[in-house]
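Naming: A, B, ... by sequence-line order, numbering from 1 per chain. Side chains included, hydrogens not; waters and symmetry mates left out as well; all remaining heavy atoms used.
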There are 2 protein chains.
Amino acid sequence: MERLSKRERHQQLNKLIEENPFLTDRELTRLLKVSIQTIRLDRLELSIPELRERLKMMAERSYDSVRSLPLDEVIGEIVDLQLDKSGISLFEIREEHVFSRSGIARGHYVFAQANSLAVAVINDEVALTASADIRFVRPVRLGEKCIAKAYVRSSGSQRGLSKVEVFTYVGEEKVFHGNFVIYRSHTAIAGETEAEGGNIL
Amino acid sequence: MERLSKRERHQQLNKLIEENPFLTDRELTRLLKVSIQTIRLDRLELSIPELRERLKMMAERSYDSVRSLPLDEVIGEIVDLQLDKSGISLFEIREEHVFSRSGIARGHYVFAQANSLAVAVINDEVALTASADIRFVRPVRLGEKCIAKAYVRSSGSQRGLSKVEVFTYVGEEKVFHGNFVIYRSHTAIAGETEAEGGNIL
DNA sequence: TATCGATTGGCACCAGGTATCAATAGGAAC
DNA sequence: GTTCCTATTGATACCTGGTGCCAATCGATA
């Protein structure tokens with residue numbers, strides 16, 4: 001109703017855009033009760049790009065992350081995979097993976113990379129982690145690139161349990177070691193699997 | 001160079017858009033050597049929306065996933081916490097946590113809940129998982145609510161390592177069991193911690 | 001030869017802006 | 001009071017990346 005001060009309006013504007021980046025200038029005039037020119041001057045001052053640019057940035061971000069890190073699927077980028085033998089995946093520790101106070105990676109991310117790889121390397125339709133024995137050898141810090149290497153130790157019985165050993169390194173230094181027991185439903189799949197399709201883990 | 005048939009061009013177009021959804025019609029005319037009108041008729045026939053709509057869809061998808069998956073902080077909601085003694089957290093298995101084919105939760109989410117809780121229950125400034133020995137007792141499925149209970153077994157030496165045992169249940173049924181060894185930097189903190197602030201794990 | 005699908009050109013129009021200039025309101029300083 | 005300054009608003013031209021529509025052309029085919 002009553003007009004806000006410029007400062008207050010700028011705060012409001014920032015908040016509104018953050019909450020809903022899909023707002024057009026016209027919709028913002030309704031919410032902030034000022035003219036569209038004022039909205040545009042405000043965006044200029046606050047360096048808030050226009051709607052289309054905002055959408056484009058979001059799309060690019062999601063596109064990039066889909067390419068390199070399908071977050072809800074595999075943790076880490078699998079760069080080499082020899083089914084029922086070995087595999088390698090890369091995972092870079094970023095802001096969102098660390099304790100903000102110490103800059104040290106939360107354990108479950110390091111585990112997730114290893115677990116993802118251990119499951120991916122199993123050549124079967126359904127593969128599930130049954131148990132694991134893991135050691136966090138040294139803390140991993142923000143910015144470090146984790147290289148996980150998995151080796152299938154016993155592809156053993158056609159059906160049942162396989163053992164997979166995973167080592168994670170930062171450079172030459174070992175940071176994680178895990179022994180996974182993976183449950184497999186059936187026998188190995190003939191030919192190709194969906195591993196590369198990102199559907200295994 | 002030479003013109004492709006309509007059918008071939010349509011295949012090419014689909015492929016190009018899939019590879020790079022950021023292409024404008026003008027850029028497509030360069031790539032396919034036909035007029036911009038043809039490109040637009042083709043998109044119409046193939047139901048390929050215009051650039052801005054494509055970007056908007058991608059932006060919405062990424063926006064939704066950011067909203068629904070706060071993977072970066074604590075996994076699970078801590079509902080009870082007695083520092084250096086015990087803790088309880090809840091975690092519901094949703095679409096984004098399961099293998100799409102089987103509806104079974106990815107192991108690292110179940111682990112993450114237990115790991116988060118094991119670290120949160122430790123009354124110290126810095127607490128890190130040193131090692132863990134875990135068993136996935138039975139698969140957890142979409143929609144199931146996991147109740148993790150952590151017990152500090154040896155708050156032991158003021159400085160150094162603590163053992164935390166975590167059991168995860170769905171209803172009465174045990175689905176996960178883990179023995180965690182947690183490294184703690186200092187002695188216990190006096191009074192409050194930041195556990196409720198979501199900054200511990 | 002007539003006809004038909006595929007292709008192209010042209011024009012009006014749209015959303016959601018940028019860029020720029022001018023007008024107005026309101027308060028503070030002189 | 002008058003001047004000065006900021007904030008706000010109005011108005012216009014222009015831009016991109018389209019949609020929608022109509023007409024013209026080309027080439028093969030009946």
Rounded to whole Å, please give me the gap between [atom1] in [X] and [atom2] in [N].
{"X": "Phe22(A)", "N": "dA15(C)", "atom1": "CZ", "atom2": "C1'", "value": "17 Å"}
{"X": "Leu23(A)", "N": "dA15(C)", "atom1": "CG", "atom2": "C1'", "value": "16 Å"}
{"X": "Glu45(B)", "N": "dT19(D)", "atom1": "CD", "atom2": "C1'", "value": "16 Å"}
{"X": "Glu53(A)", "N": "dG16(C)", "atom1": "CD", "atom2": "C1'", "value": "12 Å"}
{"X": "Ile36(A)", "N": "dT20(C)", "atom1": "CD1", "atom2": "C1'", "value": "16 Å"}
{"X": "Gln37(B)", "N": "dC22(D)", "atom1": "CD", "atom2": "C1'", "value": "12 Å"}
{"X": "Leu44(B)", "N": "dT7(C)", "atom1": "CG", "atom2": "C1'", "value": "15 Å"}

Atom CD of Glu45(B): over 12 foreign heavy atoms under 6.0 Å
yes
Evaluate the ring planes of Tyr109(B) and Phe91(B), with Trp represented by its six-membered ring, and classify them as parallel (under 30°), tilted (30 to 60°) or perpendicular (over 60°).
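If you compare the ring of Tyr109(B) with that of Phe91(B), the planes turn out parallel.
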For Leu41(B), report the nucleic acid contact type (base, sugar-phosphate, nothing); a contact means any heavy atom under 4.0 Å.
base
At under 4.0 Å between heavy atoms, what does Arg43(B) touch on the DNA or RNA strands: base, sugar-phosphate, or nothing?
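Touches sugar-phosphate only.
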Using the side-chain heavy atoms of [X], tell me which of these nucleotides is nearest: [options].
{"X": "Asp25(A)", "options": "dT8(D), dG17(C), dT7(C)", "value": "dG17(C)"}
{"X": "Val34(A)", "options": "dG9(C), dA7(D), dT9(D)", "value": "dT9(D)"}
{"X": "Thr38(A)", "options": "dG16(C), dG18(D), dT8(D)", "value": "dT8(D)"}

Does Glu144(B) come within less than 4.0 Å of Arg138(B), counting only side-chain N to carboxylate O?
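Salt bridge flag = yes for Arg138(B) with Glu144(B).
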Please compare Ile39(A) and Thr24(B) by the position of their nearest nucleotide in DNA chain D and report the one closer to 5'.
Ile39(A)
Let me confirm one number: the CG-CG distance from Leu16(B) to Leu23(B), rounded to the nearest 0.5 Å.
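These two atoms lie 6.5 Å from each other.
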Report yes or no: is there a donor-acceptor pair, N or O only, under 3.5 Å between the side chain of Arg52(B) and the base of dT16(D)?
yes
Look at the side chain of Glu50(A) and the base of dG16(C), then say whether one donor and one acceptor between them are separated by less than 3.5 Å.
no
Taking only side-chain nitrogens and oxygens of Arg40(A), does any of them come within less than 4.0 Å of OP1 or OP2 of dA19(C)?
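The answer is no; no side-chain N or O of Arg40(A) sits under 4.0 Å from OP1 or OP2.
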Main-chain N/O of Val98(A) paired with Arg106(A) side-chain donor or acceptor, under 3.5 Å:
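Checked: pair present.
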